[in-house]
2 protein chains.
Amino acid sequence: MNNNSTFKEKLRLSGLRPTKQRIEICKFLFNRRDTFHFTVGELSKILRKKNSEKISLATIYNTVHSFKKKGYLKEISINSDKSYFDTNTSDHHHFLDVNTNQLIDLKNNEVRKVSIKKKIPGKKIKSIEVLVKIENDN
Amino acid sequence: MNNNSTFKEKLRLSGLRPTKQRIEICKFLFNRRDTFHFTVGELSKILRKKNSEKISLATIYNTVHSFKKKGYLKEISINSDKSYFDTNTSDHHHFLDVNTNQLIDLKNNEVRKVSIKKKIPGKKIKSIEVLVKIENDN
DNA sequence: ACACTACTTTAGAATCATTATAAAGTAAGT
DNA sequence: ACTTACTTTATAATGATTCTAAAGTAGTGT
C-alpha cells in the first residue's frame, strides 16, 4: 500500500469500502518504511492530533480489526491489558523491553529457526511466535 | 510444595503469612503432578465449588500475584483479554489451540533451543517465550 | 492469656480496554 | 436520483482487574 488511490483500490479489492476514515488510517499506518507497533488507544490519540476531522474510537477499533482480518495488521502476543498490533505482517518475532515496555522487531534471520518436536494428533501448526523479554543490563 | 504443613512453612519462608486462604489455594494449585493453566476467574469458580468457605475474588487476585512474584506461578503471554497463569514455573513453552483455546505445555526438549542473534546495547535477555498456535488439521 | 502492630481479607466501588447498540451518514449499483 | 447495504458515530454496556478502607488475623512481646 502506498498512496491514496492505491489505498482505495486495495480496500475495494479487499471488500472494504474506501471511506475517508479508512484511507486516513491506511495513510498513517502503511506509508512508512519501518514497522510500527501500537495499541488502538495510542493510534486514536495520534490520529486525533494529526488530523482535523476526528475519527471515532469505535471506528478505529472496527478498522484495526478489519485490517487484521484482511492480513494487513498482525496482533502481537504479549501479556498486557492492552492489545498490540504490528504493521509488519511478515513472519517475524519480537523483543519486549520490560523496562520501557517497548516492542522491537526481530527479523526472521535474527532467530534461528524454531523447530517443534512435539505433535498433537489432529492439529497442525498455525504460527510460531517468539517473544524475547529484555531488561537493563546492570 | 506438598502438604499443609509444608505449605505453611514454604509460605512463611517466602515472607507470606500462612493464612487459611493461601493454604487452600496452595493445596489446590500445587498438589498435582501435571501442570495447570488458569485464569483468576476460573480459579475462583473452581475453588468456590470445591470449598465450603468462600475466598473472595480480590484475595485470589492478591494471592496469585504474590505467588507469581515469589516465583511459584508463571504468567503466560498469549494475546487475550484475560491473564493466564501456569503452575509449571520451569523454563518451557506452550501450544495454544486456537479452536479450543486450550494451553498445552511444550517441554524444553520438545523445542530446539532458540538462539537469538541480535543484541540490543545495554540490554540483556530476561526470558525467551515460544507460543505455538495450533489449529484443527482439516 | 493479652495486647499491639503489621499484614490480610473482604465487599463493593472504581477503572480501563474493548464490544455492543442503534441511529444517522455514505458508497455503489440500479 | 433512489435504494440498499455497509459505515461511522456517540454512548451505553461489559468484563477483567485494581483500588479502597473497614474488619479480621498472624506473629511478637509481655
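Note on naming: letters A, B, ... go to the chains in the order of the sequence lines (proteins, then strands), and numbering restarts at 1 for each one. The model shown is predicted, which means the values in this text are computed figures rather than measured ones.
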> Is there a donor in the side chain of B:Ser77 and an acceptor in the side chain of B:Glu129, or the other way round, less than 3.5 Å apart?
Replying inline: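 Yes, side-chain donor-acceptor contact under 3.5 Å.
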> When clusters are formed by joining ILVMFWY residues with side-chain heavy atoms under 4.5 Å apart, either directly or through shared neighbours, do A:Leu96 and A:Ile128 land in the same one?
Replying inline: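 No, it is not one cluster - the side chains of A:Leu96 and A:Ile128 are not joined through contacts under 4.5 Å.
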>> Let me spell it out: for each of A:Arg22 and B:Tyr84, pick the nucleotide of DNA chain D with the closest heavy atom. Which residue's pick is nearer the 5' end?
In response: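 First, find each residue's nearest nucleotide; the 5'-ward one identifies A:Arg22.
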Given atom [atom1] of [X] and atom [atom2] of [N], what is their separation to the nearest angstrom?
X       : N      : atom1 : atom2 : answer
A:Ile25 : D:dT7  : CD1   : C1'   : 12 Å
A:Leu57 : D:dT8  : CG    : P     : 13 Å
B:Lys69 : C:dC7  : NZ    : P     : 13 Å
B:Ile23 : D:dT25 : CD1   : C1'   : 12 Å
B:Lys8  : D:dG27 : NZ    : P     : 8 Å
B:Leu13 : D:dG27 : CG    : C1'   : 15 Å
B:Glu53 : C:dT8  : CD    : C1'   : 15 Å
B:Lys54 : C:dT10 : NZ    : P     : 8 Å

>> Tell me whether the rings of B:Phe67 and B:Phe30 are parallel (<30°), tilted (30 to 60°) or perpendicular (>60°).
In response: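 The arrangement is tilted - the two ring planes meet at 30° to 60°.
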>> Once you measure the plane-to-plane angle for B:His92 and B:His94, does it fall in the parallel (<30°), tilted (30-60°) or perpendicular (>60°) bin?
In response: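 Correct class here is perpendicular.
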Below 4.0 Å: OP1/OP2 of [N] and any side-chain N or O of [X]:
X       : N      : result
A:Tyr61 : C:dT19 : no
A:Gln21 : C:dG25 : no
A:His65 : C:dT19 : yes

> NA contact type, A:Thr19, heavy-atom cut-off 4.0 Å: base, sugar-phosphate, or nothing?
Replying inline: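 Sugar-phosphate, backbone atoms only, no base.
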> NA contact type, A:Lys20, heavy-atom cut-off 4.0 Å: base, sugar-phosphate, or nothing?
Replying inline: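 Nothing, no heavy atom under 4.0 Å.
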>> Let me test you: for the helix from C:dA1-D:dT30 to C:dT30-D:dA1, what is the angle between the axes at its two ends (five pairs each), rounded to 10 degrees?
In response: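 Inter-axis angle at the termini of the helix from C:dA1-D:dT30 to C:dT30-D:dA1: 20°.
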>> Taking the nucleotide of DNA chain C with the nearest heavy atom to each, does B:Ile60 or B:Arg17 sit closer to the 5' end?
In response: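 By nearest-heavy-atom nucleotide position, the 5'-most residue is B:Arg17.
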[X] side chain, from C-beta outward: closest of [options]:
X       : options                : value
A:Thr59 : D:dT8, D:dA16, D:dT11  : D:dT8
A:Ala58 : D:dT11, C:dA11, C:dA17 : D:dT11
A:Asn62 : C:dT18, C:dT10, D:dT8  : D:dT8

> Residues from residues 39-50 of chain B sitting under 4.0 Å of DNA chain D, heavy atoms only?
Replying inline: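 Residues of residues 39-50 of chain B that come under 4.0 Å of DNA chain D do not exist, since none gets that close.
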> Does B:Glu9 come within less than 4.0 Å of B:Arg12, counting only side-chain N to carboxylate O?
Replying inline: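 No, B:Glu9 and B:Arg12 are not salt-bridged.
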> Below 4.0 angstrom, N of the basic side chain to O of the carboxylate: do B:Glu24 and B:Lys27 qualify?
Replying inline: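 Looking at B:Lys27 together with B:Glu24, the answer is yes, because their closest N to O distance falls below 4.0 Å.
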>> Would you say that A:Phe85 contacts A:Leu29 through its side chain, given a criterion of any heavy-atom pair below 4.5 Å between the two side chains?
In response: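 Not touching, per the 4.5 Å side-chain cut-off.
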> Less than 4.5 Å apart, any side-chain heavy atom of A:Lys10 and any of A:Cys26?
Replying inline: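 A:Lys10 does not reach A:Cys26 side chain to side chain.
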>> Taking side-chain contact (heavy atoms from CB on, under 4.5 Å) as the criterion, tell me which of A:Leu73, A:Asp105, A:Leu103 meets it with A:Asp86.
In response: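 Passing option: A:Asp105.
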> Which heavy atom of B:Asn79 sits nearest a heavy atom of A:Tyr84, and at what distance?
Replying inline: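 Looks like ND2-N, 4.4 Å.
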